[in-house]
Number of protein chains: 2
Amino acid sequence: VTKSGASAAAIEKGNYRHFMQKEIFEQPTVVAQTLRSYVRQLERTVALPQIDFDITSINRVTIVACGTSFYAGMVAKYWFEMFARVPVDIDVASEFRYRDPVLEPGGLALFISQSGETADTLAALRHCKEAGQTIAVVVNVPTSSMAREADLLLPTHAGPEIGVASTKAFTCQLAVLAALAAHFAVKKGRLSKDEERAIVDHLLEAPACLNAALDHDDDIAQMAHLIAPARDVLYLGRGPDYPLAMEGALKLKEISYIHAEGYASGEMKHGPIALIDDHVPVVVLAPSGPLFEKTVSNMQEVRARGGKIVLISDAEGIAEAGEGCMATIEMPKVHPLIAPLVYAVPVQLLAYHVACAKGTDVDQPRNLAKSVTVE
Amino acid sequence: VTKSGASAAAIEKGNYRHFMQKEIFEQPTVVAQTLRSYVRQLERTVALPQIDFDITSINRVTIVACGTSFYAGMVAKYWFEMFARVPVDIDVASEFRYRDPVLEPGGLALFISQSGETADTLAALRHCKEAGQTIAVVVNVPTSSMAREADLLLPTHAGPEIGVASTKAFTCQLAVLAALAAHFAVKKGRLSKDEERAIVDHLLEAPACLNAALDHDDDIAQMAHLIAPARDVLYLGRGPDYPLAMEGALKLKEISYIHAEGYASGEMKHGPIALIDDHVPVVVLAPSGPLFEKTVSNMQEVRARGGKIVLISDAEGIAEAGEGCMATIEMPKVHPLIAPLVYAVPVQLLAYHVACAKGTDVDQPRNLAKSVTVE
């Protein structure tokens, strides 16, 4: 396990070809070191680093972020509502700050940003502070403006992220948000002591599951040539996998310049299915479970129109629906609170290997800046 | 002014080449006939058709819909919050029904559907009814399942819509939602009598403004060849124009099979800008006003990367930022409560003429059904 912080070793590429690749492979380590601040391993309880903060009075959460951090926030919305029954509003920062949102007293406003300096997010934070909201931030830079202005600082310990396309910061954000969802659920009386211990065990399994996902690096590199020639790719998911579909599409856009778009699986019939032909690969993120059957019927619709599918699922899902897919990627079977962390890995690796196959500048994609500090 | 209802005349194409074209041109008429149920012209007040419904106790609105109706709902979220200060949650039906959303007592759940039969939306309606929410529906078929199961029926009077890609149903939905937003605002004491009268005047101007927008049909037909060769198109907007950007992209996807994607203008820097080169036209929806300058800076970022812009704005906006655009489309200067209705017209016409230029089957696009009554 490496130490956090901008040490010289942490900002060299080592044996990796790109920073992005290195950062993808650091995820088991940095997610483990992030979770260490949010889980008491001996007691098997979740706890916030700032233990004097009383979360029980919070009845509504407003999440604001941009880009990849926004998709981490979308996953958190599912978790907070599912586990803690706390309703969540979410908006992209550039929209939130100008739409004069209705903010009810007693709300928690939660901002997510790798740098802690994203201009629109910081402006939204200040707007919420003036409106009397309690301010929480999930940031990777503990000395950032957002960290300084927060009531509740929830740091990620991803270490410096150099690749412009965010990877390890995203999974560390998800780790913090999963722990926060569990903490909320405990404090709101929605989880028994036993259930809390089970959740903690699942969270602590995340690094091993991330390693299992990384074991598919070679397979994914082998299938990159199936996606690299595409001009357009769709990503589909349901529930917490819907934001992951959007994040997967964003990764591919950012570094391979392929026009990828993420959709809620159930929305495909309402328009985007018109795009489907044998030139548009469809990446489906679908762990087995109660909604899997719905997604299988969406896959059949894609296939009936000549669409080629990459199915990312667990062994059970692949056994049920893998036949006839262009490719499958098998993930370990995991708890819903860590599935988004684990499923982030194959979409990152797929974007990475497709970009390598296309020969783009992976760490410095065209037109993009690492931290967007202008509006 | 024509009568509503499925008369023989209403389901023939007349002098139009396609039903979609006919339905686009019917919008001034059907929006006027829809508004007639929601506005008392002599008193210059807004009123719901079902006048015994007391809306004052509603403190939160949950909007659920699919496809184009979902984008009408997104516009409504901006309006309800801006004019009535009533907070709004919104979700696509296929996600809403499976995420076990937190529904607070006293909420209004609002469902939007042309057919009133959309399977996922109907299932979401029934879920909300069981959870004790008050049920309102905006539907075009008053005998539909949703209409029958609603507490508050808010019909659109668009007449039968034959084209698979929804056009006149969308603007009629917006007309109902604008009147509902104004009614909410009056009942919540956020609009004075004078302000209400001014709003009613603006609503009643909508049909004339839609006609002014339709006057650009020839110009838009002329510029279709600029978009038709593109494989990918981005649509950008801020505030209520952000959902319109998504709707514009959906229309182009549905009938021209070009991969178009709508984005909040301020999110472009967080990823999609990597796609921009001189092969990716960018359609910008931006009425002049306080946010126009922000959008101009987004346009400059696009232009700096070789991107070609189609700017849809009013005379003032085009005077300020039209130079250097590949094309501009001038809309009348209108109140924010009717701008989305008016700006819907050029994106519909653009999609229509691009599809005609490509020779696709406009009224029966591949893979799509008019009413999605399966999950």
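Residue numbering restarts at 1 for every chain, and letters A, B, ... go by the order of the sequence lines. Heavy atoms only: backbone and side chains are in, while hydrogens, waters and symmetry mates are out.
Smallest separation of non-hydrogen atoms from P272(B) and L250(A): CD-CD1, 4.3 Å. Between D89(B) and D89(A) the shortest heavy-atom distance is OD1-OD1, 2.6 Å. Minimum interatomic distance between V92(A) and A264(B) (heavy atoms only, all atoms of both residues): CG2-CB, 4.3 Å.
Counting only heavy atoms from C-beta outward, the side chains of D232(A) and D232(B) approach each other to under 4.5 Å. Looking at heavy atoms from C-beta onward, R238(B) lies out of side-chain contact with R99(A) at the 4.5 angstrom threshold. In this structure, the side chains of D100(A) and M82(B) stay at 4.5 Å or more apart for every pair of heavy atoms. The shortest side-chain heavy-atom distance between H270(B) and E254(A) does not fall under the 4.5 Å cut-off. Between R366(B) and I276(A) the shortest side-chain heavy-atom distance does not fall below 4.5 Å. Contact of the P87(B) side chain with the L103(A) side chain is not registered, since no non-hydrogen atoms from C-beta on lie closer than 4.5 Å.
If you measure heavy-atom distances from T118(A) to chain B, the contacts under 4.5 Å come from the side chain alone. Only the backbone of V233(A) comes within less than 4.5 Å of a heavy atom of chain B; no side-chain atom from C-beta onward does. In this structure, chain B has no heavy atom under 4.5 Å from any part of A304(A). No part of F80(A) comes within reach of chain B, as not one of its non-hydrogen atoms sits under 4.5 angstrom from that chain. For chain A, no part of A93(B) is nearby; none of its heavy atoms comes within less than 4.5 Å. Using a 4.5 Å cut-off between heavy atoms, V280(A) makes no contact with chain B at all. Using a 4.5 Å cut-off between heavy atoms, L275(B) touches chain A through backbone and side chain atoms alike. With a threshold of 4.5 angstrom between heavy atoms, L291(A) approaches chain B through side-chain atoms but not through N, CA, C or O. In this structure, no portion of P365(B) lies under 4.5 Å from any heavy atom of chain A. At a 4.5 Å heavy-atom cutoff, the contact between Y257(A) and chain B is made by backbone and side-chain atoms alike. Proximity to chain A involves both the backbone and the side chain of I273(B), based on heavy atoms less than 4.5 angstrom apart.
A salt bridge links R60(B) and E104(A); the closest N-O separation between the charged side-chain nitrogens and carboxylate oxygens is under 4.0 Å. In this structure, K77(B) does not pair ionically with E95(A), as no charged nitrogen and carboxylate oxygen lie closer than 4.0 Å.
Listed for the E267(B) side chain is a donor-acceptor partner under 3.5 Å among the backbone atoms of G67(A).
To the nearest 0.5 angstrom, Y263(B) atom OH is 11.0 Å from S94(A) atom OG. Atom CZ of residue R231(A) and atom CZ of residue R231(B) lie 5.0 Å apart, to the nearest 0.5 angstrom. Rounded to the nearest 0.5 Å, atoms OG (S265(B)) and OH (Y98(A)) are 11.0 Å apart.
The candidate from H259(B), E81(B), K251(B) with the greatest count of non-hydrogen atom pairs under 4.5 Å with chain A is H259(B).
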